[in-house]
Amino acid sequence: MNRTIWDKARLNNGIEMPFLGLGVYLAAAGNETRQAIQWSLEAGYRHIDTAKIYGNERDVGLAIQHSDLPREEIFVTTKLWNSDHGYDNTLRAFEDSLGRLGLSYVDLYLIHWPVEGLRAQSWKALLTLLEEGTCQAVGVSNYTIHHLKELLADSPVVPAVNQVEFSPFLYQQELLEFCRTHSIQLEAYSPLTRCQKFHHPTITSLADKYGQTPAQIMIRWALQHDVVVIPKSADRQRIRENAAVFDFDITPDDMARLNACDENFRVSWDPTNTP
Ligand SMILES: NC(=O)c1ccc[n+]([C@@H]2O[C@H](COP(=O)([O-])OP(=O)(O)OC[C@H]3O[C@@H](n4cnc5c(N)ncnc54)[C@H](OP(=O)(O)O)[C@@H]3O)[C@@H](O)[C@H]2O)c1
């Protein structure tokens, strides 16, 4: 499991999603995003995670078109922004995203945030898109167990993916187990804690022990939990570094040490109290 950069998670509808992807939040629109994607494809990534709110969907699309790779070899995720919720708005927002990407389909469309009062209607629109075939898979992001239970009680389709913040410092074990039980693939965002825990003693000691960087230890930890992971970098060297995580294994004891780093530490928004 997770022995090569080509390894994929099989989603609950049979679609395959590469375990490693490139996140492009805060990659500037224009050359920075296009260059980052080109470098990532050269390094073997085949999965890009964007969103309407990142403002770089157009560049994601251009970079894919300018690569020599067939469209179907690259897994593309984008997301429904909070101000676009509701059935009709969602369908429109998706069309707009598709237009900016210049693609005829996306591999995965996610509800970016569980917007209170509107998320159920938006989910219905995602099911329409799934049926139409303009999304290969649909899922959610920042859903807690409470939000997932609500969705599952009212939907004939189980979300393929839940993308949440996940790192050794936010080891959401209960959510991970819930998702596993319901065949929902967990996907880790901010897996590097945006560099904030690179100097934590457990991370530095394991980095020394395995001869890897702190970023590589944190990415490998997520992969060994069978979680899809999308570190962001716009730097060629760091894009390569983050992909060089398939030639070592963290032992079970050291996985336990990393799991024990959990301190409910977040660098992004917290959905815990969203009703
Ligand atoms: N669904 C959601 O609500 C949500 C929320 C947040 C993020 N996301 C997704 O998850 C992706 C990743 O999360 P993130 O961007 O928040 O944080 P992250 O991946 O944890 O960290 C990114 C930061 O780490 C730096 N970095 C990357 N690799 C490095 C390395 N090997 N050594 C040192 N520094 C390194 C990057 O700088 P450089 O670019 O200069 O390398 C950037 O400042 C996002 O891009 C986005 O696609 C989704």
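Just follow the structure's listing: the first ligand is 1, and inside any ligand the first atom is 1.
- Y87 and T128 share a donor-acceptor pair across their side chains, judged by distance under 3.5 Å alone.
- Ligand 1 has no nitrogen or oxygen under 3.5 angstrom from a nitrogen or oxygen of P231.
- Of all protein heavy atoms, the one lying nearest to atom 47 (O) of ligand 1 is D49 OD2, 2.7 Å.
- Between D84 and K79, no side-chain nitrogen of the basic residue sits less than 4.0 Å from a carboxylate oxygen of the acidic one, so the salt-bridge criterion is not met.
- Counting protein heavy atoms only, atom 18 (P) of ligand 1 is closest to S190 CA, 3.8 Å.
- For a threshold of 3.5 Å applied to N or O pairs, the pair formed by W269 and ligand 1 contains at least one separation below that value.
- Salt bridge status for K52 with D96: absent, with no side-chain N to carboxylate O gap under 4.0 Å.
- If you check each of T213, T78, V267, I230 against atom 11 (C) of ligand 1, the one with the closest non-hydrogen atom is I230.
- Proximity to E241 (heavy-atom distance under 4.0 Å) selects the following atoms of ligand 1: 30 (C), 31 (N), 32 (N).
- Residue nearest to atom 38 (P) of ligand 1, selected from S233, C195, A243: S233 (by heavy-atom distance).
- N142 and Y189 are linked by a side-chain donor-acceptor pair at a separation below 3.5 angstrom, with hydrogens and angles left out of the test.
- The shortest heavy-atom distance from F198 to ligand 1 is under 4.0 Å.
- With respect to atom 28 (N) of ligand 1, the closest heavy atom belonging to the protein is N242 ND2, 2.9 Å.
- Closest to atom 46 (C) of ligand 1 among all protein heavy atoms lies Y54 OH, 3.3 Å.
- Cluster membership check: L258 does not share its hydrophobic cluster with L170, using side-chain heavy-atom separations under 4.5 Å among Ile, Leu, Val, Met, Phe, Trp and Tyr.
- At a cut-off of 3.5 Å, with distance as the only test, a side-chain donor of Q163 or D49 sits close to an acceptor on the other residue.
- Classification of the Y54-Y25 ring pair by plane angle, with boundaries at 30° and 60°, yields tilted.
- Within ligand 1, counting atoms from 1 as listed, the ones closer than 4.0 Å to a heavy atom of S268 are 5 (C), 6 (C).
- Considering I48, L192, N162 only, the shortest heavy-atom separation from atom 20 (O) of ligand 1 involves L192.
- Protein heavy atom closest to atom 45 (O) of ligand 1, with residue, atom name and distance, is Y25 N, 2.9 Å.
- Among H112, K232, R238, the residue whose heavy atom sits closest to atom 27 (C) of ligand 1 is K232.
- Here P191 has heavy atoms under 4.0 Å from ligand 1 in both its backbone and its side chain.
- Residue-to-ligand polar distances place R194 within reach of ligand 1: an N/O pair is separated by less than 3.5 Å.
- There is a side-chain donor-acceptor pair under 3.5 Å between D7 and T4.
- Taking only nitrogen or oxygen atoms, main chain and side chain alike, D235 does not reach within less than 3.5 Å of ligand 1.
- Within the 4.0 Å heavy-atom shell around ligand 1 one finds N142.
- Contact atoms of ligand 1 toward A215: 30 (C), 31 (N) (distance under 4.0 Å to a heavy atom of the residue).
- What sits closest to atom 6 (C) of ligand 1 on the protein, heavy atoms only, is Y189 CD1, 3.3 Å.
- A salt bridge does not link D247 to R220: none of the charged side-chain nitrogens sits closer than 4.0 Å to a carboxylate oxygen.
- N31 and R34 share no side-chain donor-acceptor pair at under 3.5 Å.
- For the pair R71 and Y105, the cation-pi test (distance below 6.0 Å, angle within 45°) is passed.
- Between the side chains of D235 and S233, no donor N or O sits under 3.5 Å from an acceptor N or O.
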